[in-house]
Amino acid sequence: MTNALSDVSFWFDALGDLPAPDDQALPQSVDVAIVGAGFTGLWTAYYLKRAQPGLRIAVLEAERVGHGASGRNGGWCMGMAWGVHGLLARAKSRARGVALARTLFDTVDEVGRVCQAENIDAHFAKGGSLGVATVPVHADSARAEVDALHAAGFDEGDYRWLPPDEARSRVGITPNHGATLFAHCAAVQPARLVLGLANAVRRQGTTIHEGVHATRITTGRVDTARGNLTATSIIRATEGYTDTLQGERRRILPLYSMVVATEPLPAALWEEIGLRERETFGDGRRVVIYGQRTLDDRMVFGGRAGYLFGSRLRGIIAASDPGVRHVERTLRTLFPMLRNVRITHGWGGLMGVPRHWRPCVQWDAATRTGWAGGYVGEGVAAANLAGRILADLVCERRTEFTALPWVNDVPRLWEPEPLRWVGAKAIQAFGDRADAVEFASGHPSRLWGSLFDRFVR
Ligand SMILES: Cc1cc2nc3c(=O)[nH]c(=O)nc-3n(C[C@H](O)[C@H](O)[C@H](O)COP(=O)(O)OP(=O)(O)OC[C@H]3O[C@@H](n4cnc5c(N)ncnc54)[C@H](O)[C@@H]3O)c2cc1C
């Protein structure tokens, strides 16, 4: 027993020793091959077996289960995704946006239900999410957004504006000009969730082959560094690592996000910070931040986005990385009471960004190949829904899920380098600049904000 994943994230380090990987030989042929053992691949396997228990499924994972974003994220299991608010904003697409949003809301409960049913102790706590206005102008826009969401058919049980006093009693961020409480979000320990899900998948009879790097997917066949495999249906669930497959370059842009964890904090500090229901929290800035109170009373906090020329991938990101240190400074600024606490862990991971900045579930019935992903850092719950959609598509079932707008909403390819790098850097600079202007002046940053929005919304 070792824990070769302890450098990956606090979440894995907290688990102590883990069983060594199974070293089973690859089968020559299966009904369904799934490449990638993160949430997307595993949820797909899980629902496929529930639908058709007789299917022979193999999941191929280059490293270990959860080695990608699924074992490194901020642990927001959130009933929302990129692109939904865009659908809600336009009369023409509003009904589809409402259907997708409501399905995502229910997805959080679905994850909770499976945790119960499969005995997965993922520290699931559905305390909602607080979107704090840390500049006055964000309070105006957040209130207007809550009104618009209520006009679209949601209610106070979904989104509620908390005036400053109430917001401050929920979370001691400084400054705090009020907050939106979004009900459909749970805090989870993601490594526990992904490993528990993998065990549930194994119990169903699916084999997960770790340490198997797929090099190419073609119709009916996966080539790997350990031999080839034929399959009737093939699913790619490789998110930010998609570039590692031949022929898939420029499909998903890998973007880094960094996270820190504090030591467990004493009750007196939590009296000041709040988060009594383990609400997750963020604020209105464009370069997103996210935090949660863990079950063992640490603060886990992340943010920052970064892109490396040529979509270069970094496996393990050290606590000393400048991006991680930046996140630590942001945490201490927002919570001055944390200025002297020890940061015990710092890490980073890869989010997958498609060119149109919203998730996609693609299925080609002719070649029986498909993929899902492009969650832009919001995939913990969304991957469950994507897995249910993929399972229906593979089983050729037309359901409420296969009618959702993600299906075959295929993004175009990213630009070749150096344009891709210039674009990614420009977007980051616009976001940083817009945030800085708004924090300094308290007014909306029309120029930088609109440049940023133009590219990412
Ligand atoms: C730091 C960070 C914080 C985040 N915070 C949140 C959050 O709080 N809430 C939220 O909703 N989302 C968050 N996300 C995003 C979320 O974690 C992801 O959207 C989600 O985990 C994606 O799951 P996935 O299975 O599609 O991808 P991954 O978990 O990345 O899994 C892909 C897997 O495929 C494997 N793989 C790739 N290529 C190959 C190959 N060629 N052969 C074999 N295997 C391969 C990889 O090793 C990896 O294990 C965050 C992401 C990061 C990086």
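Atoms within each ligand, like the ligands themselves, are counted from 1 in listed order. Because only heavy atoms are used, hydrogens play no part in the values below, and waters and symmetry mates are left out as well, while side chains stay in. Just so you know, these numbers come straight off a predicted model, no measurement behind them.
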Between R160 and L162, does the side chain to side chain contact (heavy atoms under 4.5 Å, CB included) criterion hold? Intermediate values first, please.
CA-CA 6 Å; R160 188 155 70 87; L162 308 181; 3.6 Å; yes

Expected rows: ligand 1 N/O, protein N/O, dist below 3.5 Å:
{"from": "ligand 1", "atom 1": "5 (N)", "to": "G74", "atom 2": "N", "distance (Å)": "2.9"}
{"from": "ligand 1", "atom 1": "8 (O)", "to": "G74", "atom 2": "N", "distance (Å)": "3.3"}
{"from": "ligand 1", "atom 1": "8 (O)", "to": "G75", "atom 2": "N", "distance (Å)": "3.3"}
{"from": "ligand 1", "atom 1": "8 (O)", "to": "W76", "atom 2": "N", "distance (Å)": "3.1"}
{"from": "ligand 1", "atom 1": "9 (N)", "to": "W76", "atom 2": "O", "distance (Å)": "2.9"}
{"from": "ligand 1", "atom 1": "11 (O)", "to": "W76", "atom 2": "O", "distance (Å)": "3.2"}
{"from": "ligand 1", "atom 1": "11 (O)", "to": "G379", "atom 2": "N", "distance (Å)": "3.0"}
{"from": "ligand 1", "atom 1": "11 (O)", "to": "V380", "atom 2": "N", "distance (Å)": "2.8"}
{"from": "ligand 1", "atom 1": "12 (N)", "to": "G377", "atom 2": "O", "distance (Å)": "3.0"}
{"from": "ligand 1", "atom 1": "12 (N)", "to": "G379", "atom 2": "N", "distance (Å)": "3.1"}
{"from": "ligand 1", "atom 1": "14 (N)", "to": "G377", "atom 2": "O", "distance (Å)": "3.3"}
{"from": "ligand 1", "atom 1": "17 (O)", "to": "A69", "atom 2": "O", "distance (Å)": "3.3"}
{"from": "ligand 1", "atom 1": "17 (O)", "to": "N73", "atom 2": "ND2", "distance (Å)": "3.2"}
{"from": "ligand 1", "atom 1": "19 (O)", "to": "G379", "atom 2": "N", "distance (Å)": "3.2"}
{"from": "ligand 1", "atom 1": "21 (O)", "to": "S70", "atom 2": "N", "distance (Å)": "3.3"}
{"from": "ligand 1", "atom 1": "21 (O)", "to": "S70", "atom 2": "OG", "distance (Å)": "2.9"}
{"from": "ligand 1", "atom 1": "23 (O)", "to": "S70", "atom 2": "OG", "distance (Å)": "3.2"}
{"from": "ligand 1", "atom 1": "25 (O)", "to": "F39", "atom 2": "N", "distance (Å)": "3.0"}
{"from": "ligand 1", "atom 1": "25 (O)", "to": "T40", "atom 2": "N", "distance (Å)": "3.0"}
{"from": "ligand 1", "atom 1": "26 (O)", "to": "T40", "atom 2": "OG1", "distance (Å)": "2.7"}
{"from": "ligand 1", "atom 1": "29 (O)", "to": "A69", "atom 2": "N", "distance (Å)": "3.3"}
{"from": "ligand 1", "atom 1": "29 (O)", "to": "S70", "atom 2": "N", "distance (Å)": "2.9"}
{"from": "ligand 1", "atom 1": "29 (O)", "to": "S70", "atom 2": "OG", "distance (Å)": "2.6"}
{"from": "ligand 1", "atom 1": "30 (O)", "to": "A69", "atom 2": "N", "distance (Å)": "3.1"}
{"from": "ligand 1", "atom 1": "38 (N)", "to": "T244", "atom 2": "OG1", "distance (Å)": "3.4"}
{"from": "ligand 1", "atom 1": "41 (N)", "to": "A214", "atom 2": "O", "distance (Å)": "2.9"}
{"from": "ligand 1", "atom 1": "41 (N)", "to": "T244", "atom 2": "OG1", "distance (Å)": "3.2"}
{"from": "ligand 1", "atom 1": "42 (N)", "to": "A214", "atom 2": "N", "distance (Å)": "2.9"}
{"from": "ligand 1", "atom 1": "44 (N)", "to": "A62", "atom 2": "N", "distance (Å)": "3.0"}
{"from": "ligand 1", "atom 1": "47 (O)", "to": "E61", "atom 2": "OE2", "distance (Å)": "2.6"}
{"from": "ligand 1", "atom 1": "49 (O)", "to": "E61", "atom 2": "OE1", "distance (Å)": "2.7"}
{"from": "ligand 1", "atom 1": "49 (O)", "to": "E61", "atom 2": "OE2", "distance (Å)": "3.1"}

Indicate whether the side chain of Q362 and that of W371 have a donor and an acceptor atom separated by less than 3.5 Å.
yes

Could you tell me if R412 and H356 have a donor-acceptor pair between their side chains, going purely by distance under 3.5 Å?
no

Determine whether F105 and F154 satisfy the following criterion, ring-ring contact (aromatic ring centres under 6.0 Å, His included), listing intermediate values before the conclusion.
CA-CA 11 Å; F105 294 176; F154 303 102; 5.6 Å; yes

Out of curiosity, F182 CZ to T280 OG1, how far, rounded to the nearest 0.5 Å?
9.0 Å

By side-chain hydrogen bond (donor to acceptor under 3.5 Å, both in side chains), which residues pair with K49, not counting sequence neighbours?
none

